[in-house]
Amino acid sequence: MNRFLDVWRHSVLGRHLLTAALGLLVVMVVLEGVSDFRALQLAAMAYLGIAAGGLTVLTGINGQISLGHGALMAFGAYTTALLLDDPTGSMPISLVVLASTVVALVVGTAVGVAAARLHGPYLAGATLALAIAVPGIALYFRDFLGGEQGLRVSLPEVPTWALDLEYLVTGTEMSRSQYVAYLGWITLIVTFVLLANLARGRVGRRWRAVRDDEVSAELAGIRLGRARISAFMVSAAAAGAAGSVLAITARLAAPSGFTIVLSLTLLTAVVLGGLGYLSGALIGAGLLTFLPPFVTRIGGDAGLSDIRAAELAPLVYGLVMVLVILLAPAGLVGTTKMSLATRRARRQMAAAGGATSPDSPDRFDSPHDPHHSTTEPDPGKPSASGSTTSKGSTR
């Protein structure tokens, strides 16, 4: 037990791996107790969570706004559809997802290099143009990409080793829907472990430095263009993996599934959950997956027609979005963490018998505050005005 706690406290990778193992255990318990329909819903939540996690790195950690991640998902989805066009194919599904990730990574690198000098609304406009243009590629190359009808995805049979493992653990036979859900959630867990380690490491600190203050980051020796491109590459790779899982779940890759609506949905999930938090991206994906059908079912039970019940879902969804922005401006996870940190600090001050100084602001900087610094100034180094301060000295 002590060794477990030591790993949890002192090893970032170990903590992430333990969290991933616990998450996989929860996924197994949930998937074994739901129907095939719910399993496919959970698979949908998984691919939205993967893409939202990548967008969290780009927007929440590096500060770049993208409205074109749905287009990057399209590259992953069409790659999967081309590789799984034959139901008798022998290519392992894991290699298909990896190949789709690599294709989206290459595309994301090209887009990131082209947009490295763009900021704010200019970058958003460039990625918006990408989201609008990419679905038209399938229409132009209709003979190869299927046109408006898209490409059918032929999901291979569940591997024998998966069936044997399922029967050994649960005593039941794995269905195709469960297999797709397991594939999506294992991909999500692996992706989140990689993203979390990058965000907590040296690369993540560079991304945050560029987001917080570009001038200070450049003076510290950080190459702004390289940091932006690397963040876009990582985010695009996650979008490619999400697109691959989407194609496998829907059994189809069509232009209608990758419109600007998908890109805005991903951005909404990130904002709802909290910018810069992978757990927030997952919560936002869950809300976007389960809230609309839940509201539609309530509307149907209340006597509304199918059309009106379906129209009720966007209304409730919009109201939830407005309430989150008003009551939790840092997102659900961000606001909760800031509130807990504030209460903890106040309890510590009360226990120490101290009082808040009237000169100090009664707030705690968010990790996304542009004036928030990730490092404390060295008291022995000269300040910006050229004077030095040290313990025991006066200014």
Side-chain angles (χ1 to χ4, degrees), residues 47 50-59 61-62 64-85 89 91-118 123-141 144-146 150-151 153 183 187-188 190-195 197-199 203 206-207 223-248 253-255 257-260 262-263 266:
Y47 66 69
I50 295 170
L55 190 58
T56 294
V57 169
L58 184 67
T59 303
I61 298 179
N62 190 236
Q64 300 185 72
I65 301 176
S66 173
L67 298 178
H69 263 53
L72 296 174
M73 289 179 65
F75 284 97
Y78 272 94
T79 302
T80 298
L82 292 172
L83 294 176
L84 293 179
D85 59 342
M91 188 172 187
I93 197 73
S94 57
L95 293 182
V96 172
V97 176
L98 181 60
S100 303
T101 303
V102 172
V103 170
L105 173 63
V106 173
V107 176
T109 303
V111 175
V113 170
R117 296 183 179 274
L118 300 179
L123 178 61
T127 54
L128 176 62
L130 177 69
I132 296 174
V134 165
I137 297 177
L139 302 178
Y140 187 81
F141 297 100
F144 181 61
L145 298 177
L151 298 176
V153 177
L183 174 66
T187 305
L188 181 142
V190 172
T191 302
F192 271 38
V193 168
L194 296 176
L195 293 179
N197 279 279
L198 282 174
V203 175
R206 290 176 179 173
W207 290 340
R223 297 185 180 181
L224 304 183
R226 180 177 296 181
R228 293 194 184 102
I229 293 171
S230 63
F232 211 103
M233 290 171 61
V234 171
S235 184
S244 178
V245 176
L246 186 155
I248 294 172
F258 304 99
T259 61
I260 184 62
L262 178 58
S263 299
L266 297 176

Can you tell me how far apart [atom1] ([X]) and [atom2] ([Y]) are? Round to the nearest 0.5 Å.
| X | Y | atom1 | atom2 | result |
| --- | --- | --- | --- | --- |
| Ile65 | Leu128 | CD1 | CG | 12.0 Å |
| Thr187 | Ile248 | OG1 | CD1 | 7.5 Å |
| Ile50 | Leu55 | CD1 | CG | 14.0 Å |

If you compare all heavy atoms of [X] against all heavy atoms of [Y], which two are closest, and at what distance to 0.1 Å?
| X | Y | answer |
| --- | --- | --- |
| Ser263 | Ala71 | OG-N, 4.2 Å |
| Gly112 | Ile229 | O-CG1, 3.6 Å |
| Ala124 | Leu67 | O-CD1, 3.9 Å |
| Ala77 | Ala247 | O-CB, 3.7 Å |
| Ala238 | Gly54 | CB-CA, 3.7 Å |
| Leu145 | Ala138 | CD1-CA, 3.8 Å |

[X]: what forms a side chain to side chain contact (heavy atoms under 4.5 Å, CB included) with it, not counting sequence neighbours?
| X | value |
| --- | --- |
| Pro135 | Pro255 |
| Thr101 | Val97, Ala237, Ala241 |
| Ala99 | Leu83 |
| Ala236 | Leu72 |

Worksheet entry | Of all pairs that satisfy salt bridge (Lys or Arg N to Asp or Glu O under 4.0 Å), the ones with a partner from residues 230-239, not counting sequence neighbours | none

Discussion item. Closer than 3.5 angstrom, by distance alone: can the side chain of Thr59 be matched with the main-chain N or O of Gln64 as a donor-acceptor pair?
Written reply: yes

Worksheet entry | Side-chain donor or acceptor of Thr109 paired with backbone N/O of Met233 under 3.5 Å | no

I'd like to check [X] versus [Y] (side-chain heavy atoms, cut-off strictly below 4.5 Å). Are they in contact?
| X | Y | result |
| --- | --- | --- |
| Val106 | Phe75 | no |
| Phe258 | Leu246 | yes |
| Leu183 | Ile93 | yes |
| Phe144 | Leu82 | yes |
| Met73 | Leu266 | yes |

Discussion item. One pair to check against side-chain contact (heavy atoms from CB on, under 4.5 Å): Leu198 and Val234. What are the steps and the verdict?
Written reply: CA-CA 9 Å; Leu198 282 174; Val234 171; 4.0 Å; yes

Item to complete: Give every residue pair that meets the side-chain hydrogen bond (donor to acceptor under 3.5 Å, both in side chains) criterion with at least one member in residues 225-240, sequence neighbours excluded.
Response: His69-Ser235, His119-Arg228, Trp207-Ser230, Glu214-Arg228

